[in-house]
Number of protein chains: 2
Amino acid sequence: MVKATAPGKIYLYGEHSVVYGYPALACAINKRTIVEAQKKNEGITILPKNLSFESVKFKIGGEEGNEIPEKQIKKLDYIRKSIKKIFEIKSEKTGLKLKIRTELPIGGGLGSSASVTVATISALNELYGLNLPRKKISKLAYEVEKEVQGSASPCDTFTSTMGGLTRVEKGKSLEKKKTPKLPIVIGYTQESSNTKQLVEQVKQLKEEYPEIINNLFTSIGEITKRGQKEVQNRDLEKIGELMNINQGILDSIKINNLKLSKLIYAARESGAYGSKITGAGGGGCIIALTDNKEKTANSIKVFGGEPIKTQITNQGVTIE
Amino acid sequence: MVKATAPGKIYLYGEHSVVYGYPALACAINKRTIVEAQKKNEGITILPKNLSFESVKFKIGGEEGNEIPEKQIKKLDYIRKSIKKIFEIKSEKTGLKLKIRTELPIGGGLGSSASVTVATISALNELYGLNLPRKKISKLAYEVEKEVQGSASPCDTFTSTMGGLTRVEKGKSLEKKKTPKLPIVIGYTQESSNTKQLVEQVKQLKEEYPEIINNLFTSIGEITKRGQKEVQNRDLEKIGELMNINQGILDSIKINNLKLSKLIYAARESGAYGSKITGAGGGGCIIALTDNKEKTANSIKVFGGEPIKTQITNQGVTIE
């Protein structure tokens with residue numbers, strides 16, 4: 001039996017503007033998806049826990065089939081297509097049993113799908129002794145995300161595979177940077193966010209007011225550059241202040257709402273250095289940088305959010 | 001007896017960045033300070049209502065004296081110095097009785113001090129038949145504000161005198177533009193805001209992060225330019241959308257807080273086209289552009305604010 005774990009991610013700075021090539025900074029967080037894989041005689045069994053779909057069985061070769069109830073197909077697709085990728089590399093197939101659970105909210109903008117994909121591919125890589133390097137795992141996982149979603153950001157799967165900080169910038173290849181272990185409390189609104197719709201909405205706003213929005217995005221780019229320096233200095237006050245400035249711009253581009261805004265101010269009033277939406281917004285999660293995780297978590301709870309205490313981590317995918 | 005009324009003002013776009021020469025748009029609102037002036041034999045009596053100071057009497061010539069209780073001096077100063085300005089022009093002095101009341105919250109960032117000053121000077125101008133033109137009244141009122149406060153924006157006294165829209169921009173003289181009567185609901189936090197401290201705080205932020213803040217201010221300048229066009233088109237949706245973008249930037253520069261944020265989202269959830277802080281922030285008021293004043297006012301009330309229903313007006317100082 002092989003056990004692989006892969007982390008989720010947050011955007012410390014730069015979501016949305018990254019779509020237009022401005023720099024962004026993603027970080028792995030120590031909340032993970034755990035995949036336990038073992039060989040068996042025949043067929044493939046997937047046993048999910050808290051992944052919002054039921055256990056399924058299908059025949060080998062059914063990774064792409066439609067033997068599975070229609071409404072489960074989408075969520076299972078990340079796993080089925082991950083198995084298929086590995087079977088394309090390893091021609092001799094075996095039966096498989098996969099137990100999968102996650103510490104990440106599904107659809108909360110914390111890269112749960114990337115971490116499911118990376119952990120599944122990594123577990124099978126180990127189980128079959130394929131010795132694929134991390135860069136290859138990240139690439140395969142990105143391809144799976146693209147196939148399932150139509151389009152994807154390579155950042156999510158890269159960060160989940162490598163851990164640490166990922167600076168994303170137009171025309172530059174992704175690179176892992178080491179990071180101090182920053183203390184983070186996430187506030188989950190318990191509402192999923194519709195990334196595609198929100199990205200489209202920002203696009204329309206940018207088309208309507210190009211001079212206004214371009215200057216805002218230039219600011220976010222500057223925030224990312226300065227923020228990366230402050231992370232490496234571990235200057236919590238400045239990192240937080242830059243998160244807050246970034247948050248205001250996310251409010252400007254209409255991805256904030258009352259629920260998110262309350263969690264953001266709840267975190268700040270608890271003494272957090274900074275707080276902002278992470279990811280697409282409109283729901284999903286906020287992140288807070290805080291010295292006092294307990295106090296910030298309580299404050300988030302009082303204001304109606306589900307707190308998740310974590311930290312930024314250098315550890316990407318792990319194998320036991 | 002002469003009765004003069006002078007309006008308060010809101011910033012539709014551009015507060016704070018205007019300090020650095022970026023364009024801003026102020027508008028007169030139909031909430032007023034009312035001054036009733038009459039001559040009497042001797043001495044000067046000031047009878048304030050809801051102006052947070054008590055009735056006072058002093059001798060002619062005591063406009064600058066210290067016959068008045070210390071703690072009242074500051075708030076009375078706008079009135080005493082206004083009388084002095086007029087007595088400098090009109091050498092033959094008379095006794096005076098002034099009844100003053102205002103519909104504006106004091107210290108709420110709606111230009112209450114400017115409207116007190118403009119209404120007082122205008123009432124005396126009429127009472128003594130001095131025939132000072134509006135531009136002169138606006139100039140005298142600005143001088144009074146500068147003397148009382150140490151520094152002042154000529155925009156407040158200009159807008160209160162002239163009514164309508166005032167575009168404020170570095171190197172250009174103030175000019176009144178006509179405006180459609182836009183429906184506005186104000187949400188007063190019932191906390192005053194400390195303009196001087198907030199302006200200083202923004203200055204420090206700008207010094208720490210010049211590339212970031214300068215781009216944000218450039219954006220606000222673009223919002224003002226576009227916003228002015230949309231006001232003149234009476235395109236309520238666009239005017240509101242631009243208010244919302246401006247609001248996010250005000251959040252970025254740290255002048256927002258939980259109480260203000262709640263009122264802003266309360267207004268938007270009631271169906272307002274847009275809502276934002278007006279003035280220095282940190283307390284004071286928000287403004288909402290709305291078709292349904294009753295609904296927006298109720299929503300503001302539910303979220304802990306004091307609603308004030310009004311509209312943008314072309315009418316500056318009036319005389320009866």
Side-chain angles (χ1 to χ4, degrees), chain A residues 13 17 22 201-202 204-206 208-227 230 235 237-238 240-270 274-277 281 299 303, chain B residues 13 17 22 201-202 204-206 208-227 230 235 237-238 240-270 274-277 281 299 303:
Chain A
Y13 310 110
S17 47
Y22 296 88
Q201 193 182 296
V202 171
Q204 283 173 16
L205 199 69
K206 191 169 177 293
E208 181 64 43
Y209 308 109
E211 325 74 22
I212 297 167
I213 306 298
N214 288 340
N215 277 299
L216 295 182
F217 284 178
T218 302
S219 260
I220 296 182
E222 296 295 333
I223 290 169
T224 298
K225 290 181 206 165
R226 177 67 181 266
E230 301 303 348
D235 186 328
E237 284 197 14
K238 296 236 167 74
E241 199 162 44
L242 290 161
M243 288 167 71
N244 293 349
I245 301 175
N246 196 157
Q247 167 57 27
I249 306 175
L250 295 176
D251 184 86
S252 279
I253 60 171
K254 293 172 64 173
I255 66 154
N256 197 12
N257 61 31
L258 178 60
K259 196 159 188 180
L260 287 162
S261 182
K262 276 159 92 173
L263 298 187
I264 281 156
Y265 278 102
R268 291 185 199 169
E269 298 211 339
S270 79
S275 57
K276 65 182 273 294
I277 291 166
S299 187
F303 279 80
Chain B
Y13 309 110
S17 47
Y22 297 87
Q201 193 181 296
V202 172
Q204 283 173 18
L205 199 69
K206 190 169 178 292
E208 181 64 42
Y209 308 109
E211 325 75 20
I212 297 167
I213 306 300
N214 289 340
N215 277 300
L216 295 182
F217 284 178
T218 302
S219 261
I220 296 182
E222 297 294 332
I223 290 169
T224 299
K225 290 182 208 165
R226 176 68 180 266
E230 301 302 347
D235 184 329
E237 284 198 16
K238 294 236 167 74
E241 198 161 45
L242 290 161
M243 287 167 72
N244 292 349
I245 301 175
N246 196 156
Q247 167 57 28
I249 306 175
L250 296 176
D251 183 86
S252 278
I253 62 170
K254 294 171 64 172
I255 66 152
N256 196 12
N257 60 30
L258 178 61
K259 196 160 187 177
L260 287 163
S261 182
K262 276 160 93 173
L263 298 187
I264 282 156
Y265 279 102
R268 291 185 199 169
E269 299 211 340
S270 80
S275 58
K276 65 182 273 294
I277 291 165
S299 187
F303 280 79

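Here the structure is a predicted model, which means the values were calculated and not measured. As a basis for the values below, the full set of heavy atoms in this structure was taken, side chains included, without hydrogen atoms, waters or symmetry mates. Every chain is numbered from 1, with letters handed out A, B, ... down the list of sequences.
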Could you tell me whether the side chain of [Y] reaches within less than 4.5 Å of the side chain of [X], counting heavy atoms only?
X	Y	value
B:Leu258	A:Phe303	yes
A:Ile212	B:Ile245	yes
A:Leu216	B:Leu216	yes

### Query
Among B:Arg226, B:Gln247, B:Lys225, B:Glu211, who wins on heavy-atom pairs under 4.5 Å with chain A?
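Most heavy-atom pairs within the cutoff with chain A belong to B:Arg226.
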I need the [X] [atom1] to [Y] [atom2] distance, nearest 0.5 Å.
X	Y	atom1	atom2	value
B:Ile249	A:Ser219	CD1	OG	8.0 Å
A:Asn256	B:Ser261	CG	OG	7.0 Å
A:Ser252	B:Asp251	OG	CG	8.0 Å
B:Glu269	A:Asn257	CD	CG	7.5 Å

### Query
Less than 4.0 Å between a side-chain N and a carboxylate O, is that true for B:Lys238 and A:Glu208?
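Yes, charged N to carboxylate O under 4.0 Å.
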### Task
Go through the side-chain N and O atoms of B:Glu241 and A:Tyr209 and say whether any donor and acceptor fall under 3.5 Å apart.
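Side chains of B:Glu241 and A:Tyr209: pair found under 3.5 Å.
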### Message
Would you say that more than 12 heavy atoms from the other residues, nucleotides or ligands in this model lie under 6.0 Å from the CD of B:Glu237, or not?
### Response
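Check fails, neighbour count at 12 or below.
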### Task
Go through the atoms of A:Asn214 and report whether side chain, backbone, both or neither lie under 4.5 Å from a heavy atom of chain B.
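Neither part, no heavy atoms under 4.5 Å.
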### Residue, of A:Asn215, A:Ile253, A:Leu242, that accumulates the most heavy atom pairs under 4.5 Å with chain B
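Answer, by heavy-atom pair count under 4.5 Å with chain B: A:Asn215.
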#### Entry: Side chain / backbone / both / neither for B:Leu205 at chain A, heavy atoms under 4.5 Å
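Just its side chain gets close to chain A.
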### Task
Walk me through it: do A:Lys254 and B:Asn244 pass the test side-chain contact (heavy atoms from CB on, under 4.5 Å)?
CA-CA 8 Å; A:Lys254 293 172 64 173; B:Asn244 292 349; 5.5 Å; no
